[in-house]
Amino acid sequence: MDARPGPAPLLIACALGIEHLALRAGDRGGAGGPVTVLRTGMGPKAAERSVARLLADPALAGAAVLATGFCAGLAPGMHPGDLVVAEETRDPRGAVPCIGTELLVKELVRTVPGRTVHTGPLTGSDHVVRGHERSDLLATGAIAVDMESAATLLCAVRAGERPVAAVRVVVDAPEHELVRIGTVRGGISAFRVLRSVLPAFFEWHRSLLLPRR
């Protein structure tokens, strides 16, 4: 009998129904192990509760965790449909370094050609960021903001040592600001990009399973 452990699972966490729909629409298989796509609900508290509950399942012990969905870009010149690969996520409780950023950038450029990919810190917020708050957050060095990634990754690493990453699609930027949370300006573009990113996530996951030289 083969007693070797199976491939490590992958947990992909998003907040909104439209994000979950995009990911499900783009799932054609090809992951290096079992994959769970979790809709956490909106906001850091909902994300933390949902991720903690799921990672308590022994079947997800050691699972790699990737936070994804839409975000607000902070830098001038960002556009809906741009991609953000976090080098780290931040919130008032601290920062979590991300793993495999360079590989994710490479795979996203290949998977979603023509889209700009930005890298840098991704900061967390408990509300939709507007107006002067953007420039205040940009001054901290962050390039984008969302409400769940930081909480998701912090919860994940507190539950046990594991690889974590965050990839977000810009749906809201300084020159393309949301009117309200239910309005997705540039939403068709962002939805199509999010629907296309799973192959890059699966390549990232497979790379984690390869023997280290």
Side-chain angles (χ1 to χ4, degrees), residues 5-24 26-27 31-72 83-101 103-104 120-129 137 140 142-169 171 181-182 194 197-198 200-202 204-209:
L10 170 63
L11 172 60
I12 300 172
C14 63
L16 304 177
I18 191 171
E19 296 166 340
H20 192 263
L21 177 63
L23 293 166
R24 284 299 190 187
D27 188 359
V35 178
T36 300
V37 179
L38 171 68
R39 178 186 173 187
T40 64
M42 190 171 69
K45 291 182 179 179
E48 191 165 351
R49 282 194 302 268
S50 296
V51 172
R53 183 169 59 248
L54 210 61
L55 291 180
D57 184 343
L60 288 174
V65 175
L66 193 151
T68 194
F70 302 134
C71 71
L83 286 146
V84 172
V85 178
E87 294 175 342
E88 66 177 19
T89 57
R90 302 172 174 175
D91 74 6
R93 297 173 294 175
V96 177
C98 295
I99 303 298
T101 298
L103 176 65
L104 276 167
L122 175 63
T123 195
S125 174
D126 61 1
H127 61 279
V128 177
V129 171
L137 290 174
T140 71
I143 63 168
V145 58
D146 75 87
M147 290 194 284
E148 297 83 26
S149 292
T152 293
L153 298 199
L154 184 61
C155 177
V157 297
R158 284 181 172 177
E161 186 177 353
R162 69 188 73 247
V164 295
V167 176
R168 290 276 170 170
V169 181
V171 74
I181 189 60
L194 188 59
V197 296
L198 279 179
F201 296 175
F202 294 161
W204 174 78
H205 183 223
R206 273 194 290 269
S207 79
L208 303 175
L209 309 177

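In what follows, residues are counted from 1 in the order of the sequence shown.
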Margin query: With side-chain contact (heavy atoms from CB on, under 4.5 Å) as the test, pick out the partner of L198 among V35, V37, L23.
Written below: L23
Item checked: Any I18 side-chain heavy atom under 4.5 Å of L194 side chain -> no
Note to self: I'd like to know if E48 pairs up with R93 as an ion pair, taking the criterion as any Lys NZ or Arg NE/NH1/NH2 lying under 4.0 Å from an Asp or Glu carboxylate oxygen.
What the structure shows: yes
Item checked: CE-CG distance between M147 and D91, expressed to the nearest 0.5 angstrom -> 13.5 Å
Checklist line | Heavy-atom side-chain contact between L83 and V167 under 4.5 Å | finding: yes
Check: Any idea which heavy atoms bring A166 and T89 closest together, and the distance?
Finding: CB-CG2, 4.0 Å
Check: Do the side chain of R168 and the main chain of C71 share a donor and acceptor less than 3.5 angstrom apart?
Finding: no
Note to self: For the CZ atom of R53 and the SG atom of C155, what is their distance to the nearest 0.5 Å?
What the structure shows: 10.5 Å
Check: Would you say the side chain of T123 lies within less than 4.5 Å of the side chain of T140, judging by non-hydrogen atoms?
Finding: no
Next item on the list: Report the distance from atom CG of L66 to atom SG of C98, rounding to the nearest 0.5 Å.
Entry: 8.5 Å
Note to self: Could you report the tightest heavy-atom contact between V145 and L122, atom names first, then the distance?
What the structure shows: N-CD1, 3.8 Å
Check: Under 3.5 Å, side chain of H205 to main-chain N/O of A8, donor-acceptor pair present?
Finding: yes
Notebook entry, point to check: Which pair of heavy atoms, one from A150 and one from R90, lies closest together, and at what distance?
Noted result: CB-O, 3.2 Å
Next item on the list: Would you indicate whether the side-chain heavy atoms of F70 and D146 approach each other to under 4.5 Å?
Entry: no
Item checked: Main-chain N/O of G160 paired to R162 side chain as donor or acceptor, under 3.5 Å -> yes
Notebook entry, point to check: Judged by atom type as modelled, is there a donor-acceptor pair below 3.5 Å linking the side chain of E87 to the main-chain atoms of P121?
Noted result: no
Check: Which atoms form the tightest heavy-atom contact between L55 and A156, and what is the distance?
Finding: CD1-CA, 3.7 Å
Next item on the list: Determine yes or no for a side-chain-to-main-chain donor-acceptor pair under 3.5 angstrom, with T40 supplying the side chain and C14 the backbone.
Entry: yes
Checklist line | Heavy-atom pair of closest approach, residues A151 and P44 | finding: CB-O, 3.5 Å
Next item on the list: State, yes or no, whether a side-chain contact exists between E161 and V157 at a heavy-atom distance under 4.5 Å.
Entry: no
Note to self: For I143 versus G120, what's the shortest heavy-atom pair and its separation?
What the structure shows: CD1-N, 3.5 Å
Notebook entry, point to check: Distance-only, no hydrogens or angles: does the W204 side chain make a donor-acceptor pair with backbone N or O of I99 under 3.5 Å?
Noted result: yes
Next item on the list: Taking the side chain as every heavy atom from C-beta outward, state whether M42 and L16 have any atom pair closer than 4.5 Å.
Entry: yes
Note to self: Side chains of I12 and L38, heavy atoms from C-beta outward: is any pair under 4.5 Å?
What the structure shows: no
